[in-house]
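Have a look at the structure below before the remarks.
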2 protein chains.
Amino acid sequence: MTTVNALSEVAALMGDPARAAMLSLLMDGRAHTASDLALAAGVTAQTASGHLGRMAEANLLAVRAQGRNRFYRLASGDVAHAIESLMALAGTRAQPASRSAAWRRDPDLRFCRTCYDHLAGQVGIAVTDSLTQHGHLEPKGSHDWKLTPSGELFCMRVGVDLGGARQATTRHFARQCLDWSERRPHISGALGSAIADTFFKKGWAEKLRRGRTVRLTDSGRRAMTRDFGASV
Amino acid sequence: MTTVNALSEVAALMGDPARAAMLSLLMDGRAHTASDLALAAGVTAQTASGHLGRMAEANLLAVRAQGRNRFYRLASGDVAHAIESLMALAGTRAQPASRSAAWRRDPDLRFCRTCYDHLAGQVGIAVTDSLTQHGHLEPKGSHDWKLTPSGELFCMRVGVDLGGARQATTRHFARQCLDWSERRPHISGALGSAIADTFFKKGWAEKLRRGRTVRLTDSGRRAMTRDFGASV
DNA sequence: ATGATAGTTCGGTATACACCGAACCATTGA
DNA sequence: TCAATGGTTCGGTGTATACCGAACTATCAT
């Protein structure tokens with residue numbers, strides 16, 4: 001009885017085409033915004049919101065509010081496993097699903113991209129790691145960083161507009177942003193944005209025309225080695 | 001696209017409470033009649049028929065027509081696996097589902113029971129094995145047996161009403177019946193029925209009041225050893 | 001043949017729910 | 001403060017489908 005209902009309920013959640021499309025996208029293991037998922041499912045934001053709420057309620061998805069975005073991801077490996085076995089049943093290969101595979105396989109995107117207004121991917125992680133390893137940045141709480149005195153000096157030296165970043169009073173200064181291709185936090189918030197601006201202003205990096213991919217220039221690579229002590 | 005639709009379709013099939021109840025029952029690995037499944041799902045025979053047809057169409061179930069019954073079972077281990085992982089998601093233990101567990105755990109029922117009008121379970125298998133090993137019975141086609149001349153003599157010796165069995169012209173004479181607790185064929189049809197009758201008439205076995213369980217008597221055990229060369 | 005049982009097909013009803021428009025709340029940046 | 005953006009809540013509409021009654025086919029027993 002109970003066990004049967006539980007089975008039908010979770011299966012029914014996956015049984016809707018829009019929800020299945022969302023789950024399919026989430027099978028890449030990354031977190032996606034509600035808008036992103038709405039687009040993937042081909043429904044409006046309202047409809048998507050309803051779907052996402054129900055799946056989160058049923059513990060199929062986990063949510064993390066970040067700024068004005070809400071990131072949804074699969075709640076556990078068990079969920080991914082169940083979806084995978086259903087996909088296998090349908091005679092289709094599970095993991096290399098067309099859309100998410102394109103993401104995963106794009107090495108440039110994994111290497112460096114914008115995440116909102118700051119840097120993500122391997123470069124974003126490398127920058128953050130460098131700052132923490134040199135004692136410029138310390139974790140503060142579970143969602144923020146603290147910029148140390150040595151960190152302030154470092155920023156001034158490499159030309160990060162700290163003053164501008166501090167003027168944005170309504171914005172979080174140094175935020176931890178989870179990177180879902182690297183599965184580790186990188187720096188965001190006003191400071192993260194200012195750091196990214198520095199990269200673009202100094203010609204260390206440049207945005208590609210389409211998408212979120214960012215190209216690290218030769219001088220950018222040199223700066224990574226020279227200023228951050230990181231080889232990427 | 002295609003992969004997404006396939007996911008939602010198979011999930012939707014499992015997402016209906018009635019179908020989930022049927023699948024749950026079928027998780028015991030045995031084959032069940034349409035009526036049986038309708039009862040388990042709490043729906044009428046018509047409704048159940050529709051559900052079963054759709055699941056068979058989608059290759060979730062396999063069907064085997066046997067007499068006027070149609071036996072449905074899970075089409076593959078993959079199907080069971082998918083159901084299991086969904087049940088796990090729902091936080092419920094998968095295998096020991098209340099109803100089927102009762103079946104499985106009843107050693108008397110596994111030992112000997114009626115299957116329609118003939119003997120099944122370990123005793124049914126033992127009788128059939130004895131007949132084939134002594135050359136009394138030979139497989140004929142994929143669904144029937146052939147009673148050899150020595151088999152006729154054997155039947156006459158132990159008192160099986162062969163004449164009566166042969167009179168039932170409209171009925172299959174010696175049929176292979178799949179035994180889903182033993183996963184091997186045993187003898188059914190008119191001959192199987194006649195053999196079972198012999199067991200009851202001679203006091204070798206007796207039906208219990210409720211259910212399909214059959215008790216093998218002491219003289220029945222002696223007969224199994226003496227006449228069939230089998231120890232059960 | 002006749003009646004009984006297992007199963008399916010067909011038609012109509014009723015309920016569940018996915019969907020969107022509109023309004024609303026929260027966060028952000030000027 | 002205000003405007004912009006991301007997300008959610010609410011109400012009404014439309015479609016999909018589960019359900020059953022009734023009629024039908026196939027198998028089996030007398």
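Just so we're on the same page: letters track the sequence lines, and every chain starts at 1.
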Provide, to the nearest angstrom, the distance between the [atom1] atom belonging to [X] and the [atom2] atom belonging to [N].
| X | N | atom1 | atom2 | value |
| --- | --- | --- | --- | --- |
| A:Asp36 | D:dT5 | CG | P | 18 Å |
| B:Arg68 | D:dT27 | CZ | P | 11 Å |
| A:Phe71 | D:dG6 | CZ | P | 12 Å |
| A:Arg70 | C:dC25 | CZ | P | 16 Å |
| B:Met55 | C:dT8 | CE | P | 11 Å |
| A:Gln66 | D:dT5 | CD | C1' | 16 Å |
| B:Leu52 | C:dT9 | CG | C1' | 14 Å |
| A:Leu191 | C:dG29 | CG | P | 14 Å |

Side chain B:Lys207, main chain B:Arg215, donor-acceptor under 3.5 Å
no

Is a side-chain N or O of B:Ser49 found less than 3.5 angstrom from the main chain of B:Ala45, in a donor-acceptor match?
no

Would you list the protein and nucleotides 18-22 of chain D atom pairs, both N or O, that sit under 3.5 Å from each other?
from	atom 1	to	atom 2	distance (Å)
D:dA18	OP1	B:Arg19	NH2	3.4
D:dA18	OP2	B:Arg19	NH1	3.4
D:dA18	OP2	B:Arg54	NH1	2.7
D:dC19	OP2	B:His51	NE2	2.5
D:dC20	OP2	B:Thr44	N	3.1
D:dC20	OP2	B:Thr44	OG1	3.1
D:dC20	OP2	B:Thr47	OG1	3.0
D:dG21	N7	B:Gln46	NE2	2.4

Can you list the steps and then say if A:Leu86 with B:Met14 is a side-chain contact (heavy atoms from CB on, under 4.5 Å)?
CA-CA 10 Å; A:Leu86 285 174; B:Met14 298 179 179; 3.9 Å; yes

Could you give the distance from CG (A:Leu147) to NE2 (A:His136), rounded to the nearest 0.5 Å?
9.0 Å

A:Tyr72 side chain: which of D:dG6, C:dA6, D:dT8 is closest?
D:dT8

Ion pair check, B:Arg166 and B:Glu152, cut-off under 4.0 Å
yes

Could you check whether B:Ala34 gets within reach of a base, just the sugar-phosphate, or nothing at all, counting any heavy atom under 4.0 Å?
sugar-phosphate

Is the shortest side-chain heavy-atom distance between B:Ile195 and B:Val158 below 4.5 Å?
no

